[in-house]
Each structure stands twice: as structure tokens, then as C-alpha cells.
Amino acid sequence: MEKYDHKSIEKKWQTAWEQAGMYVADENSTKPKKYVLDMFPYPSGDGLHLGHVENYTATCIYSRYLRMKGFNVMHPIGWDAFGLPAENYAIKTGTHPDVSTHQNIKNFTAQMKSLGVSSDWTREIDTSSPEYYRWTQWFFLLLYKNGLAYKKKAKVNWCESCKTVLANEQAENGVCERCKNEVIQKDLEQWFFKITDYADDLIDDLSSVDWPSSTIAAQRNWIGRSEGVEFNMSVVGTSESIAVYTTRIDTVFGMTYVVLAPEHPLVQKLSSSIKNTAEVNAYIDVTKKKTELERTELAKEKTGVKLEGVEAINPFTKQPVPVFIGDYVLGNYGTGAVMAVPAHDERDFEFAKKYNLPIVQVIEPVLTQMTGSAKFREDEPVQQSHGVIVIIKHWSEDKYLGLRWPTAGWGTFLTGGIDEGFTPEQTALKEIHEETGYKKAVIVRNLGVIHSKYYHEPKKLNRFGHAPTFYVELQNGEQDEVSAEETSKHEAVWLTRGELDTFLTAESHQQALKLLDATLYTDSGILTCSSEFDGLTSEEAREKMAVWLEKEGLGAKKVNYRLRDWLVSRQRYWGAPIPIIYCDDCGEVAVPEENLPVLLPTDVDFRPTGESPLKYSKTFNDVVCPKCSKPARREADTMDTFVCSSWYYFRFADPHNAKEFASRETIEKWLPVDMYMGGAEHTVLHLMYARFFTKVLKKLGYINFDEPFAKLRHQGMILAEDGRKMSKSLGNVINPNTIIEEFGADTLRLHEMFLGPLEDMKAWNSTTIVGPRRFLERVWKLTEKVSADGDEKATDASLHKTIKKVGDDIEKFGFNTAISSLMILVNDLEKAEKISRNTFETLLILLAPFAPHLTEELWHEIGNTESVHLAQWPIYDASKCVESETTVAIQVNGKLRDTMVVTTGTSDDEIIRLGLDLPNIQKWVLGKEIKKTIVVKGKLLSIVVGE
RNA sequence: GCGCGGGUGGUGAAAUGGUAGACACGCCUGCCUUAGGAGCAGGUGCCGUAAAGGCAUGGAGGUUCAAGUCCUCUCCCGCGCACCA
């Protein structure tokens, strides 16, 4: 037998498989189907990287396994071929995107084939081909006709010096990628898809998919459903009113001003009332020029201008509050206006401090002790209690008085119960004197009431404490004697602010300390200064206040979403043209379906001019109106490439259909996708949009399911060997080609799968790759041991354990452990003199999904004529795994003291007897009372002895 | 800040509550040789010369005969979102 030469065998079998059409999904099969899909690649000029290899190897293993298990597998491949890089490349080199893209596809195809992927190439699709984008355009029209595509003005990134629209990724950090000039926002008429109509479905249906929890969370997060209240505030002296949205209506009595987004339409409507118009307009001008980035990340500092002469009425207090415009309020969320409650909202607090606006507390904090011995005990009775918390400052040093309670292990400020007939203030001063002896104390600030739920260890009960809290300064150190009773309970210590942080054990006292700095509390609590709502919890108040607003006809509960409608217009060449025509008489006219596709013209200067390049194509732009036949012009923008990738998984079911995007029959046969695999990095939007398309199709009756991807998994990123991301600029990129050349595709596949758990981020390692290579060499050598008189029984247990483990692991994508179990099997087989043909064949089948070429070669080497990949997956036989002897571990008081080998089936009593007899065990149990023995079948004996 | 993941040998990593470190890389010792990116045999968590034993899964508690795994708290790291009222 010859040496293992990956080069000759890999090419040979790749060609053979292709000629045999081995991986073509069978439309007529009666076997159950499985649709295994990769997130289809963008054919970049850099070619395949190791992340692609990881992705495609994983789904290839899975597909091969499923085929052997008797499924009719569809595992297609295609190209997400439109996009900006090809256009940029064209701008730089003059190569037409169509040319470079197809060159890249050729390159990708060759690389993928050299990996031995088992894709069905007969279904290959290319989103930049007219046969494909014809249906992308059809989808646009479908949405348009159903009121789900509409046009409105929207901001684009605009570079004044290049006179061009920039994609978001070209406008990083607010400067133009090319000329480094400032990017500004410019309004253009653009197309949107109404994805917000489906916001609730997009959240609700997440419960039906088997996806990673982080990805589900990301979808939820992106949609950002928020439940609150919208209500109107009338503007004094006008007939206008301001609608505000809030999730914290319980804080409404603490509203001290209102803020509108600078672009809010009311600002113009109220212009006659505004006294400082010049200042206001100047501010609006400034914010208009600001990019999205400056308004958010770069500009953390909040700014705003008061609308002098404008006041709005708080419907609850009937009192007027001033109105501001400020760019921390977003124009496109909620109503574009907020009620500001600085005492209970961080952003309002910041703004109020900067502009010196009043801060009114209306929520008293409620703290529940969650840790330590004072942890609140949910199921035990609760006693109400009233007492003060007093923060006492030293008369000369920057220190505060703390009480250390030795028996309870507490650290607190000074506290004391309020007795009948005493005010909280009186109580505070009285307690200071009684407990510390200090005589000259002055209450400087009242910090309000702090509520707390905790367990009172000395009294052995739960308490719900209500504590008026004071900040007191001592005038001097004059001090009377303190009673022995007080000093025995606790010890007084002077502490700095830093020391207090760790000293205070009670949550409520920590909160008191926080209130000393800032009267800001953003959690739920108990209402105060809120007239008839006083004493309610935040939760109760939200309900009651919403009801009240509704009754008064001023407002109602409202749900808002962060999700915005999907802007699909791109002022670019290399994309699918939007199939709309503008006629002076008929206006906006949809291109009739029979006229699709609207072809991308070739007579185009695709360099960016500032407008869509299509505008300057003679053959494209001028057209006759489909309705009235008068001269008209085409929409010159193209579609976001996310549109192309929102429906491609349907096309794979029926890739050559010229009449429909896919026939109902083929969709029903293949969809939904059973396993979808791709990187986690940029999938939030893709998944959102694809799910939106699916939901639209369902609603319009084209399909009968809600979610396109039943199961989703992500492969973790492959980092460079140095632990950093692979990048050309760092020069740490590994090209899969060189690895395949050197070690072979089988070794590369095995190595990447063995590197660690699929979903983890992993660093490439060029040293350890010899492990998988050696493993394959050993399998190769094993062939020499195959013999007619090989002893099957000797290795059956090992073999069948492996059958089970490999199958189970592939199903849960645990490829690293599947490979290790194959290594264990090979280690076992190497110990045998001779191996039966049956055993070896089973090994080859188990290994075939991972190392398709080598196993195919050896499969034929031992005399088979069919492909190993058409073989049946072996059936696990549990009875063959029963070994004659098992090792039992023996623990004494939980510690391992010895092991013993017993014949399988030994009774528990016998195991206990044998175990106790062992000298190593006798040593530990002799002369002690045996309290308990526990036997875990075939594994372990646990003996519990007394002292 | 919010939401997700993670912390286990020299390294990548394994472990339905049941002998922690499978498997692999590396390293050490020896063998063999047509000196290779070889192959074979043995060893390799830490402390302890060895044995006995002890200590070990970021840290602290808890539940249990038994905890990497379950519970509570805490520290650290990575990722995603982030002025969404």
C-alpha cells in the first residue's frame, strides 16, 4: 500500500463525486427531507477565509451524516453578489463590478470544491443575475402593492467635498472614508419597507425557533418593544398640545419641564409664541448639521434651548412647566417629545443640573435586602416599622459616623425608632444625643423617606422599614457620656466616604449615601407628593394613572418600538434597480410584472457622482409611462443588498423557475430551513429582514409557515494565531489554500472542527494541526491490519460506544468531541493484531463526514465499488457495549480512597462487602460507625462513617 | 447602563450531580531508524525524593453521602446594543 498522499486522492474523488452528481438533492425522493443551509457568502476579492471553512465544513459534516441516515438532503450554495466592495473596486481599478464579481465567484467555487464540500451545485444562484433580481424586484412590487413599501424623506450621509452619498460603513466616526472631510446629513426621498407593521410578530414568533439565546435576545433587543403611556399636554395660550410618551407615568408629578426634539413640527407651529426665535433657529441649524454620530456617541453632553414664552400644562398637577428643545430627544421615536423628571431619570437629571432646572422627588426608594444575614425572607411575616436614618458628619474632618453592630454583623448609619408624639426631626436629634452623646447637631438636609425590606436578625422577623433620612452636621465635638446599654449594642466609628462604601451592609443605608450626592433614584418605589396617588407603588400608580388619563380623554397606554422602517434605497450602481417609474401625469407607477426584470444598464459611469449612477444612463433613465405612454423616467436608486438576501432561501427550492420566485409545491417540499448556519457577527439585520419577508408571504397566503429558519447555529470566529482578528493590515491572515496544499482538505476540516467547540471563538494554531494529520495517517495504516480473521468481539464495545457518541455529537454539532471519540476508537483498534473488515468499514463510515476523501479512498482500497458516502450510517447496538468487568470507585466521606474491578452485575450488597474489605478502605473505616452506604450501579460506592 | 456568553494543567479542551483534566498539542525518558514535519513504549495538574497523604475547576458561602456541574453573593474577561424617555 502506498503512502497517504492527500494531493492525488482529494482531486480524484472531488472529480468523481461531481461527475456522479452525488450531492444533488432529489426532487422525486420519498425519503424525509432536510434543508441544510449556510448563510450564503459575499464573493469578496479576498477569497475564502478560515471562517468560511469552519462554516462550510460543519454543514457539510451534518449533511453527509443526514444523507447516510436516510434523509433526502438539500444543501445548496449561492452568492450574495451585489454590494459596495465590488463597486468600490470598480471605482479604483475601472474593472466593471460584473467582471470582478464573477471572477471572485469562480475563485470561491474552486476553493470550496477543493475543501470537499457536499453542496448541490445544480442549485447555484447569483443575486446579481437578472434571473434572480427579477424576483427581488417582484418582491419589491409585492410589498408596494400591499402598502408595505412607501417613499419618504430621510437623511443620508453626505460628503460635501466628494459630493456623494456615503454608506454608513464609509462614514465611520463622522468623517468621509476617502477625503476625511466631515460627513453631514442630507434629506433625500427614499424608499422604505414597513417592517414595523410586523414588530409584534417578529417578537412573538421567536418563541417557536431553536436558536442561540443570544441571537434571540438580539432580535428582541433590536425591536425594543416598550410599554408606556402617551398623553397630551396643552400649550398655554394656544390651541396646540404636546403629545409625550413615557414608560414612567408614575413619576409625572415630578415633571419640571418638557423637551421636544429640535425637528419637532410643533416648534414651527408655535413660532409666534416663541420669544427667542433667533436663538431657537440657530440651535436647530446647528443640530441639523450634526451627524447621527455627533448627536449620540460623540456628543454625550446634552444641550438644549428653552422656548421662551411657551409653557405646557401637566394634566395631573394642572401647573405649567417650561418647554425646551434639545437634541437628546430623538425626533423619530415615540412622539418626539418627553416629559422630563430629573429626580427619576438620569438624562433629565443631567440636563436639569446643567440648566439649573428644579428637581422634584416624587418616588421614595424601596430597597430589598438581597444579601447577607439581613436578606429578606420571602415567605415569612413582615412587620412595619418607622425609624429615622441619620447621616452625621464630623465637625472638622471629612468623615461620617458609622455604627458597627457586632452581634448582627451590620454596619449602618445612626438609626432609631420614632416614638409616639415625636416628629422625625425630633427623633433624629434625640437619637444623636442618646446614642453618641454629641450635643451640637444641626439638620442640614432632609433626604426624604427610604423604604426597605430586610430581615431583622436580633428580632428574628422580616421588617418593612420606612425611614425619613437626614443629613446632619456636628458643630463641635462636645459630648455627654453614653449609656452602657447603648455602647454594648453598637460601636461608633468615624469613616471616610470610601470606607463607608464597604462598611454599610444595609441597602437602604447605601441608598442614603447615594442621595447625599444626588437626589436621583431611577428604580420603582413608593409615590409621594403625588396627591391622590401618594402611597401607591410605582406599579400600582402606572395602572391607575393610565386609567385616569383615559377617563379624562387625555391619553392612553401605548406601545412603542425601537425598530424603524427599513430604508432600502441606495444611491448606488451595483444592486437591483427599484422597479418604479415616475410620470409627470400619473406620478409613481409600478413597473408591470411582465416587464421585469428592470435590467441594470451597462452604459453607465459607475463612479459616484453624488446621485445614483443610473440617472446618467440614457438607456435606463428615459422610459415611457406604463399607464399613459408619455415620456417618464425610472427610479434611479437600487435596493439594499439585504433585500436580495431576504428571500434567497426560497429560491434554492426552485432555482430555475422563470414563472415564480419559487413554486408553492417546491416551497412546501423543502421549506422551512431545518438547519441554518453562519457567523453571529452581522446577522441581526439579515435575520430580521428575512423573517419579515417570510411573515409577509405568510400573510399574503403564499406560504403556510411563520419562521424561515427552524434551527440556527453560529460558528465562532477563527482568530489569527496571535489571538487577534485576522486582517490584511496585521499581516496575520492564513489562506486555506496553503493549508490544503500542505496538509490536505481532510486534515484542515478535521483540525478546524477539533480546535474547540464550534460556537466558540478560537485562535488558529498551525502547530497542533499535525495532530489531526497524524490521526489520518494512523487510520491509513490501519488498513494493513484488515483481515478476514480479525476478531470483531474484542473491539465491539469500543466500536459501538463510538457509533453512539459520534452520532449524538453530530446531531448537537459537538464535532470536537465526535473527533476525539473517533481517535479513541483508532487507538483501540491499533492495539489489535488484526481488524475485521466489518469493523474497519464501520470506522470509515463514521469518519466519512469529517474526512470524506481519505475514507473514500480506503473504502475502495478494501474492495468496495460504491461510494462510502452512499453507505448507511451504522446502527448502535447497546448490548455490544456491555463489558464483562467494571471499575467501581470507592469513596469514604466523599473522598476517593480506592477503586476495584468487579464483574458486571455484581449485587449492591456484594459490592459493599468487597469494598469494605479492601485494605485501603479498612484504613478509613476501622473502628468507626458506618452510617450509610450508597451504590451507584457499575460506578461508585460511597461510604459514610462517623467520627 | 442594559442584554448575552465565559473563567478548568504549559496549551486547545473533556466531563447525564458520581474516579476532574478524556482526546490532542507540547514537554520528559527510553527504543528504533533508509534522520522524518517520522515511528514505537512509558511518563507528564500542583505540593511531597518516594510512598502515604494533602491541595486543586476565578473567589466566598450554601444544598448534598457526593458539586466544575445546583443555589446565593462576589471578582475578572469577551461580545452585542446603547440618549429609545
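Excluded from the calculations below are hydrogen atoms, water molecules and symmetry mates; all remaining heavy atoms, backbone and side chain alike, are included. Here the structure is a predicted model, which means the values were calculated and not measured. Below, chain A is the first sequence line, B the second, and so on; all start at residue 1.
The salt bridge (charged side-chain N to carboxylate O under 4.0 Å, His left out) test applied to Lys514(A) returns no partner, not counting sequence neighbours. Take Trp222(A) and apply the side chain to side chain donor-acceptor pair (under 3.5 Å) test, not counting sequence neighbours, and it matches no residue. Every side chain to side chain donor-acceptor pair (under 3.5 Å) that Lys7(A) has, sequence neighbours left out, goes to Glu741(A). Residues satisfying the side chain to side chain donor-acceptor pair (under 3.5 Å) test with Thr215(A), not counting sequence neighbours, are His714(A). Every salt bridge (charged side-chain N to carboxylate O under 4.0 Å, His left out) that Arg724(A) has, sequence neighbours left out, goes to Asp722(A). Applying the salt bridge (charged side-chain N to carboxylate O under 4.0 Å, His left out) rule to Glu721(A) yields no partners; only residues at least two apart in sequence or on another chain are considered.
Using a cut-off of 4.0 Å between Lys/Arg side-chain N and Asp/Glu carboxylate O, Asp808(A) and Lys812(A) are scored as not salt-bridged. Salt bridge status for Asp210(A) with Arg713(A): present, with a side-chain N to carboxylate O gap under 4.0 Å. Salt-bridge annotation for Lys785(A) and Glu833(A): absent, with no side-chain N of the basic residue lying under 4.0 Å from a carboxylate O of the acidic one. By the 4.0 Å N-to-carboxylate-O rule, Glu883(A) lies close enough to Lys801(A) to be salt-bridged with it. Between Arg773(A) and Glu777(A) there is a salt bridge, since a side-chain N of the basic residue sits under 4.0 Å from a carboxylate O of the acidic one.
Between Leu822(A) atom CG and rA22(B) atom C1' there is a gap of 14 Å when expressed in whole angstrom units. If you measure from atom NZ of Lys762(A) to atom C1' of rG6(B), you get 14 Å, rounded to the nearest angstrom. As rounded to whole Å, 7 Å separates atom P of rA85(B) from atom CZ of Arg562(A). As rounded to whole Å, 12 Å separates atom P of rC40(B) from atom NZ of Lys831(A). The CD1-C1' distance, from Ile249(A) to rA85(B), rounds to 12 Å in whole Å. Protein atom CG of Asp828(A) is 15 Å distant from nucleotide atom P of rA22(B), rounded to whole Å. Residue Glu777(A) contributes atom CD, which lies 15 Å from atom C1' of rC40(B) at whole-angstrom precision. Per the geometry, CG belonging to Leu782(A) stands 12 Å off P belonging to rC40(B), to the nearest Å.
Nucleotides rU63(B) and rA14(B), compared at atom P, are 31 Å apart to the nearest Å. Taking atom C1' on both nucleotides, rG68(B) is separated from rA50(B) by 31 Å, rounded to a whole Å. Nucleotides rG5(B) and rA85(B), compared at atom C1', are 29 Å apart to the nearest Å. If you take atom P in rC23(B) and the same atom in rU72(B), they sit 35 Å apart, rounded to whole Å. Only the P atoms considered, rU69(B) is 14 Å distant from rA20(B), to the nearest whole Å. rA22(B) and rU8(B): their P atoms are spaced 16 Å apart (whole Å). The separation of rA66(B) from rC25(B), taken at their C1' atoms, amounts to 33 Å, rounded to a whole angstrom. Comparing rA24(B) with rC79(B), their C1' atoms sit 28 Å apart, to the nearest whole Å.
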What string of B, S and - do you get for nucleotides 24-31 of chain B 5' to 3' if you count protein non-hydrogen atoms under 4.0 Å?
SSS-----
Reading nucleotides 54-70 of chain B 5' to 3', which nucleotides get B (base under 4.0 Å from a protein heavy atom), which S (sugar-phosphate only), which -?
SS---------BS----
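Counting non-hydrogen atoms under 4.0 angstrom, Asp348(A) reaches nothing in the nucleic acid. Nucleic acid contact for Thr887(A): base, since at least one base atom lies under 4.0 Å from a heavy atom of the residue. No contact: Phe349(A) has no heavy atom under 4.0 Å from any strand.
When both pairing distances are held under 3.5 Å, rA85(B) makes no Watson-Crick or G-U pair with any nucleotide shown. Of all nucleotides present, only rG18(B) satisfies the Watson-Crick or G-U wobble test against rC65(B), with each distance under 3.5 Å. Pairing of rG78(B), defined by two Watson-Crick or G-U wobble distances under 3.5 Å, is identified with rC4(B). Base pairing of rC32(B): no nucleotide in any strand meets the Watson-Crick or G-U wobble criterion (both distances under 3.5 Å). Across all strands shown, rG37(B) has no partner, as no Watson-Crick or G-U wobble contact with both distances under 3.5 Å is found. The partner of rC27(B), taking Watson-Crick or G-U wobble pairs whose two distances both stay under 3.5 Å, is rG43(B). In a base pair of the Watson-Crick type (N1 to N3 plus N6-O4 or O6-N4) or a G-U wobble (N1-O2 and O6-N3), with each distance short of 3.5 Å, rA56(B) is matched with no nucleotide. Remark: rA13(B) base-pairs with no nucleotide in the shown strands. Criterion, Watson-Crick or G-U wobble with two distances under 3.5 Å.
Residues Thr247(A) and Thr899(A) each lie close to RNA chain B; by heavy-atom proximity, the contact nearer the 5' end of the strand is made by Thr899(A).
Anti is the conformation of rG17(B), whose glycosidic angle sits further than 90° from 0.
Dashed line: the shortest gap from a side-chain N or O of Lys923(A) to OP1 or OP2 of rG53(B) is under 4.0 Å. Residue Ser226(A) has a polar side-chain atom (N or O) positioned under 4.0 Å from OP1 or OP2 of rA85(B). The phosphate of rA85(B) has OP1 or OP2 within less than 4.0 Å of a side-chain N or O from Tyr333(A).
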Under-3.5 Å N/O pairs linking protein and nucleotides 2-5 of chain B:
| unit_1 | atom_1 | unit_2 | atom_2 | d |
| --- | --- | --- | --- | --- |
| rC4(B) | O3' | Ser213(A) | OG | 3.3 |
| rG5(B) | OP1 | Ser213(A) | OG | 2.9 |

Which pairs would a plain distance check flag for residues 555-562 of chain A, meaning a side-chain donor or acceptor within less than 3.5 Å of a matching protein atom at least two apart in sequence or in another chain?
| unit_1 | atom_1 | unit_2 | atom_2 | d |
| --- | --- | --- | --- | --- |
| Lys557(A) | NZ | Glu543(A) | OE1 | 3.3 |
| Lys557(A) | NZ | Glu543(A) | OE2 | 3.0 |
| Lys558(A) | NZ | Glu230(A) | OE1 | 3.2 |
| Tyr561(A) | OH | Asp200(A) | OD1 | 2.6 |
| Tyr561(A) | OH | Asp200(A) | OD2 | 2.8 |
| Tyr561(A) | OH | Arg225(A) | NH1 | 3.3 |

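Sorted by first then second residue, the side chain to side chain donor-acceptor pair (under 3.5 Å) pairs that include residues 744-753 of chain A, not counting sequence neighbours, are Asp746(A)-His853(A). Here salt bridge (Lys or Arg N to Asp or Glu O under 4.0 Å) pairs that include residues 761-772 of chain A, with residues two or more places apart or in two chains, are Glu54(A)-Lys762(A).
Under the 6.0 Å distance and 45° angle rule, Lys804(A) counts as a cation-pi partner of Tyr876(A).
Contact annotation: side chain of Glu681(A) to base of rG80(B), donor-acceptor pair absent below 3.5 Å.
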